Protein chains: 2
Amino acid sequence: MNKPLLNKYADQTAMLVAIDCIVFGFDGENLKILLIKRGFEPAKDQWSLMGGFVGKGEDLEAAAGRVLFELTGLNNVYLEQLKTYGEPLRDPYARTVCVAYFAFIDIKKYQNQLSDEYHAEWFQIDEAPQLIFDHNEMVEEARKRVRYKAALHPILFELLPQKFTIPQLQNLYEQVYATRIDNRNFIRKVTSTGLLIKLQEKDKSGSKRGAFYFKLDKKKYKAKFQSFLNFIPNPDQLLG
Amino acid sequence: MNKPLLNKYADQTAMLVAIDCIVFGFDGENLKILLIKRGFEPAKDQWSLMGGFVGKGEDLEAAAGRVLFELTGLNNVYLEQLKTYGEPLRDPYARTVCVAYFAFIDIKKYQNQLSDEYHAEWFQIDEAPQLIFDHNEMVEEARKRVRYKAALHPILFELLPQKFTIPQLQNLYEQVYATRIDNRNFIRKVTSTGLLIKLQEKDKSGSKRGAFYFKLDKKKYKAKFQSFLNFIPNPDQLLG
DNA sequence: ACAAAAGTGTTAGTTCTACACCCATGT
DNA sequence: ACATGGGTGTAGAACTAACACTTTTGT
């Protein structure tokens, strides 16, 4: 801005604004998050969420997208603003307000080599290390938000490849909610949404019989995304 | 912070951080929002949300609470972080990242005289004027969020006085969703939650017969706040 | 007596959950 | 032939939505 600051503005304290991303991935077995080894002080070499400062003329979501691209080489990642953290001492070095985003990526699209400079690693959520600043709290809130949202909306499809099987999908829900789901009821629910298109092809990697692949009906997915779908039985009990 | 900035930090652009509050109130008839006439440039004398800059050692939520207190004279207001807005040009005067909160207050507790310096006024939402910057967008998103959340959680009680009648409560839901609700089904739902304690006293202002007052069972309210309560029939259709 | 809002029950349809067996295939 | 995971059906319970009349009381 090249205008002179007005009185009301002039007295204010400017702060750094950062974004951090909680990146979730699913490898078919476990739900994971992507962490990096921080390359600079403070807290150099400690595990951390991937983040970065918001640039001068940069929008918040654009900053998150940029940071994700730097880390994963992926664009068009599912990205949602989680919450903004502004506790004055959260970053011991400078007053930094942090807008946290969570992201879902198809873990198989992740290009490990691209992120060598960050020493990025996937962790099972329960086995994740201690993180810097308030990042553990962010991860916890992101998990809660994901559980909340996925109980009502078909958000978890963003974690799967384009072709997936229903057992894979069920396993993903079971991971997210750390619970067992009855497969007959689950299949009935997901198919009754009309969101899935059955393919001829089968995935034989998981069993001898093989499981049919499905893909998302993109149009219906977009149309129904805001509907309450109720994938999870008794969700109340699982949201703690 | 009195340490020297590190390289990684030193190059970054500091920004102003503000909070804005979408303050909802309910007068028994209509759902309203509280707006002020902005007292300083830019956009002096235009209608605006109540807001303020985040102070040097101040937490975000504390800043929102402070601003609300300045405006209404009330403490312990229901306050929830909505979303953070950071479009680079959203404030034409200086790069300002804004953390928006929404608040619910019992409109009768509002002390009009305290806010004379802001020229605050209650507006029916549909009759609200054009607001500065991106504030109209914030109001729209807050309305959506309230509709979403109130369909599942007993949040709207925060808008009512301690004693309220079921017809008042129903009217509030009807205002929020701009819909008519069947009173028999509504009563059954709210009473079956166990959240209400019936008082002996009646409110005779609305009818000759009078309607019994109820109050919240605070313990159950806290315990059940996270449960999915489903107050609204077919909520999908109403959330647009 | 009547107007105006409060309060009360029932039924049919839908959805939810719990539950157990057969199927297809590779080895 | 058998082991492994994939896929299918049903019945009882719970919940939802649609629906209309009686009660109370101030005027």
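Chain letters run A, B, ... following the sequence lines, proteins first and then strands; every chain starts at 1. Note that the coordinates shown come from a computational prediction; the quantities given were computed from them, not determined experimentally.
- Nucleotides of DNA chain C lying under 4.0 Å from heavy atoms of chain A occupy a range whose first and last members, 5' to 3', are C:dC16 to C:dG26.
- Between A:E140 and A:K144 there is no salt bridge, since none of the side-chain N atoms of the basic residue sits less than 4.0 Å from a carboxylate O of the acidic one.
- Every side-chain hydrogen bond (donor to acceptor under 3.5 Å, both in side chains) that A:K163 has, sequence neighbours left out, goes to A:E201.
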Going 5' to 3' through nucleotides 17-27 of chain D and flagging B where a protein heavy-atom sits under 4.0 Å of the base, S where only the sugar-phosphate is that close, and - otherwise, we get BBBB--BBBB-

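- Side chain to side chain, A:E80 and A:Y78 meet the donor-acceptor criterion of an N or O pair below 3.5 Å.
- Residues A:E141 and A:Y85 have side chains that bring a donor and an acceptor to within less than 3.5 angstrom of each other.
- For the pair B:Q81 (side chain) and B:A100 (backbone), a donor-acceptor distance under 3.5 Å is absent.
- The side-chain hydrogen bond (donor to acceptor under 3.5 Å, both in side chains) test applied to B:S192 returns no partner, not counting sequence neighbours.
- For the pair A:H153 (side chain) and A:L229 (backbone), a donor-acceptor distance under 3.5 Å is absent.
- B:Q162 and B:Y213 form no side-chain donor-acceptor contact under 3.5 Å, judged by distance and modelled atom types alone.
- Residues A:F102 and A:F104 place their aromatic rings such that the two centres sit under 6.0 Å apart.
- What separates CD1 of B:I187 from C1' of D:dT16 is a distance of 16 Å, to the nearest Å.
- Partners of A:N185 by side-chain hydrogen bond (donor to acceptor under 3.5 Å, both in side chains), not counting sequence neighbours, listed by chain and number: A:R188.
- In the helix from C:dA1-D:dT27 to C:dT27-D:dA1, the terminal helix axes, each the rotation mapping four pairs' C1' atoms onto the next four within five end pairs, subtend 10°, rounded to 10°.
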